[in-house]
Amino acid sequence: MSNFVSVARDNDVAIITIDNPPVNALSLHVREPLMQALVALRDDASVAVIVVACAGRTFVAGADITEFGKPVQQPELRAIIGTLETIAKPTVAAIHGTALGGGLELALGCHFRVADADARLGLPEVKLGLLPGGGGTVRLPRLVGAIKALRMIVSGALVGADEAHEAGLVDAVFESNVTTHAVNFAREIARKGGPFTPVRDRDDEIKKTELAAFDAEAADLARKARGLDAPIACAQAVRNTVTMSFEEALAAERALFMKLVAGDQSRAQRHLFFAEREAAKIPGKDLVRRRIARVGVIGAGTMGGGIAMAFANGGFPVTLLETSEEALQRGLGMIDKNYAVSVSRGSLTEDAKRQRLVQFKGSTDYSDLADCDLIIEAVFEDMAVKKEVFGKLDAVAKPGAILATNTSYLDIDEIAASISRPQDVLGLHFFSPANVMKLLEIVRADKTAPDALATVVDLARRIGKVAVVVGVCHGFVGNRMLAARGSESEALLLEGATPSQIDKAFTDFGWPMGPFQMGDLAGLDISWRNRKARGQTAVIADTLCEQGRFGQKTGRGYYLYENGSRMPVPDPQIDALIRGKAAEKGIASREISAEEIIERTLYPMVNEGAKILEEGIAARASDIDVIWVNGYGFPIGKGGPMFWAGLEGAPRIVERLEYWHQRTGKDVFKPARLLKRMAETGSWEAGARP
Ligand code: T1G
């Protein structure tokens, strides 16, 4: 057949094997020989049954995402599945690893599916801003029912082999050698004889659907879509399967798919798919990694405790160090409580909780860190305190141990220079809650050894984090751009905007919440301490903090939070305070549009991103997008700030920045060289540093 598709025979059983590393994506060079094989085996009377299997680490993980946005080439996946479904002799899909998207759709074109016990199955297209375009929204409900299919397709979540078996998605599960078992299963099926009903003709499950219950569930899911089109389209497509004929629903699925694949949201989410994988590619691919068997964490506060949990969840034994027994027990107690919450929510079993807790060893003695291969400091954000801790680490840590700081803005070169082994020092900037947030900003200091860096990039994946390597500067990438985004917030308030008006501009844009609500959630006292440490002031924010308005934790900040609720209530006192400060400064109040709010907050942020690229603090514009989407809630449907700049139009961003620069004289609006270059070329890479 071809290098990518081969056919073997086991007497009257034909086994088609797809072999397209790394994930057997259904690229054109797979689809062509696959179609030929199916037609040939359909028409070969000596073949009684056909098994479809894959070589390598996984069954088909979907259509080839790199082909989207390009002219469609025949044969399409739908045609292949259509052909497969017309084959009268029994067909069996042998699933190992993952059967995802077009891969599961291909399997749904078979009469039977058998899976390896560790296999995972799903239609995650919604995570690419799409919906299943190969008949998944029409065939899956016919096996698992409309409601189950709705949940799987709108969430994009995967199911394990046992759950798939229970749901009727797979017909048998085997501990191992699924292809061998599939051949025996196939032979047994052929021996028993038909009829063999294609999935397309199985209506019993969808006929059971209660449309009212379905619509209620779909409406609930739609409320969580936050401006994304794909979840809504997914729900509509599954509903069509209940209310339309097979052919009508299939055609409707196609129309929805073609609309989404051509849209900006899917382009943005496909950009992020590849951007996350690119971010992990750093020089030194072949470097020998350092062995990490045990991890030490210094500081059992909110950050330290979360970091320790992230490693314990990743299967690492953790030594947790605190200055006093009381502080240690408080930290361990918080960890236990966090796990108990997960158990009560059903996202963790009691047994798993036990297994994780035994990973922790508490201590107040630095010498207990001597057997750790990686030690992460998460103590108070003060340079003198950091240096004291690293001094002690330098004395006790074993040779070759990686010494990391969780600082979110301090100079890591200065910390590294304070000890005898700067080559082992780097930053591991986790985001709160560290056991939940996916992003890990890995800070490469001037002297950081390449093997230390490569080691922690790999390690991030093992603890379920998305890693991005950045250089040393104040606030690194994320917080530095956050400061640029926030630089105008006060000015906008003084000129007439209200906190809720600005927050609404952000939530309308697609953020989970706006800067003022976020400030109240994080605690206004943290950035107040920061400003004071840097000799900076913010007239409104400082006044709030002087009045003890730290946000949710004190029940009032920019908003009121009554009786411990997290619901922000606008506070007329705040408007009066702001108007008062504006009057003191002689600033007249005026109408401010949502457009102006976005211009004066997000445009400077993109501009700062361009400066960061110019300075080589970030290696790629897409790295910045990965940071903002995974660490700061930037709307995935917009692809991150640097990708969004392309959607928004870099020429417009430059023009409006120049307008505000002229009007305010503020540097934050002075267009960066690389942004101007992007406006001319349409690409960030075109003008980037070599
Ligand atoms: N197409 C093209 N390349 C892909 C790919 C795909 N579907 N999946 C992975 N790759 C590349 C990836 O970029 C990386 O490349 C390498 O393979 C290894 O991936 C019609 C519309 C399967 C769970 O959404 O979730 O079918 O960086 O690093 O961690 O309805 O890859 O090495 O150059 O992620 O072991 C639906 C996407 C497609 C699944 C493996 N399918 N893939 O994870 O490896 S849309 C998906 C994954 C579709 C139909 C529709 C994961 C994985 P490079 P990796 P991994």
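Just follow the structure's listing: the first ligand is 1, and inside any ligand the first atom is 1. In this chain, numbering begins with 1 at the start of the sequence shown.
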Ligand 1 N/O within reach of Leu77 N/O, cut-off under 3.5 Å: no
Within reach of ligand 1, part of Val23 (heavy-atom separation under 4.0 Å): side chain
Distance flag for atom 18 (C) of ligand 1, protein heavy atom under 4.0 Å: yes
Atoms in ligand 1 with a heavy atom of Glu105 nearer than 4.0 Å: 20 (C), 30 (O), 49 (C)
Per atom 50 (C) of ligand 1, closest listed option by heavy atom (Glu76, Glu125, Arg120, Arg461): Glu125
Under the side-chain hydrogen bond (donor to acceptor under 3.5 Å, both in side chains) test, residues paired with Asp373 that sit two or more places apart: Lys398
Test item, Gly136 contacting ligand 1 (heavy atom, 4.0 angstrom): no
Protein heavy-atom partner closest to atom 34 (O) of ligand 1 - residue, atom, separation in Å: Arg277 NE, 2.7 Å
Proximity winner for atom 21 (C) of ligand 1, if only heavy atoms of Phe59, Phe257, Phe274 are counted: Phe257
Ligand-residue contact atoms, ligand 1 with Asp64, heavy atoms, under 4.0 Å: 1 (N), 2 (C)
Side-chain ion pair, Lys148 and Glu205, N-O less than 4.0 Å: no
Carboxylate-amine/guanidinium contact Arg289 Asp451, below 4.0 Å: no
Closest candidate by heavy atom, reference atom 38 (C) of ligand 1, pool Asn20, Leu128, Leu260: Leu128
Ring-face cation contact, Phe509 with Lys638, 6.0 Å cut, 45° max: yes
With Arg254 via side-chain hydrogen bond (donor to acceptor under 3.5 Å, both in side chains) - residues at least two apart: Glu76
Atoms in ligand 1 flagged as close to Pro124, the criterion being non-hydrogen separation under 4.0 Å: 24 (O), 46 (C)
For Pro132, atoms of ligand 1 separated by under 4.0 Å from a heavy atom: 30 (O)
Parallel, tilted or perpendicular: ring planes of His181 versus Phe174, cut at 30 and 60 degrees: parallel
Per-residue contact class, Lys281 against ligand 1 - non-hydrogen pairs under 4.0 Å: side chain
Selected option - heavy-atom contact closest to atom 16 (C) of ligand 1, from Pro22, Gly133, Ser27, Gly103: Pro22
Proximity flag Leu100 to ligand 1, non-hydrogen atoms under 4.0 Å: yes
Polar atom proximity, Ala61 to ligand 1 (N or O, under 3.5 Å): yes
Arg57, portion touching ligand 1 at heavy-atom distance under 4.0 Å: side chain
Flag if over 12 foreign heavy atoms under 6.0 Å of CD, Glu175: no
Glu105 and Arg78 ion-paired at < 4.0 Å: no
Quiz item: cation-pi between Arg277 and Phe273, 6.0 Å / 45°: yes
Arg620/Asp625 salt bridge by N-O under 4.0 Å criterion: no
Sidechain N-carboxylate O distance under 4.0 Å for Lys70, Glu67: no
Nearest neighbour of atom 7 (N) of ligand 1 from the list Ala63, Gly62, Ala25, on a heavy-atom basis: Ala63
Within reach of ligand 1, part of Glu67 (heavy-atom separation under 4.0 Å): neither
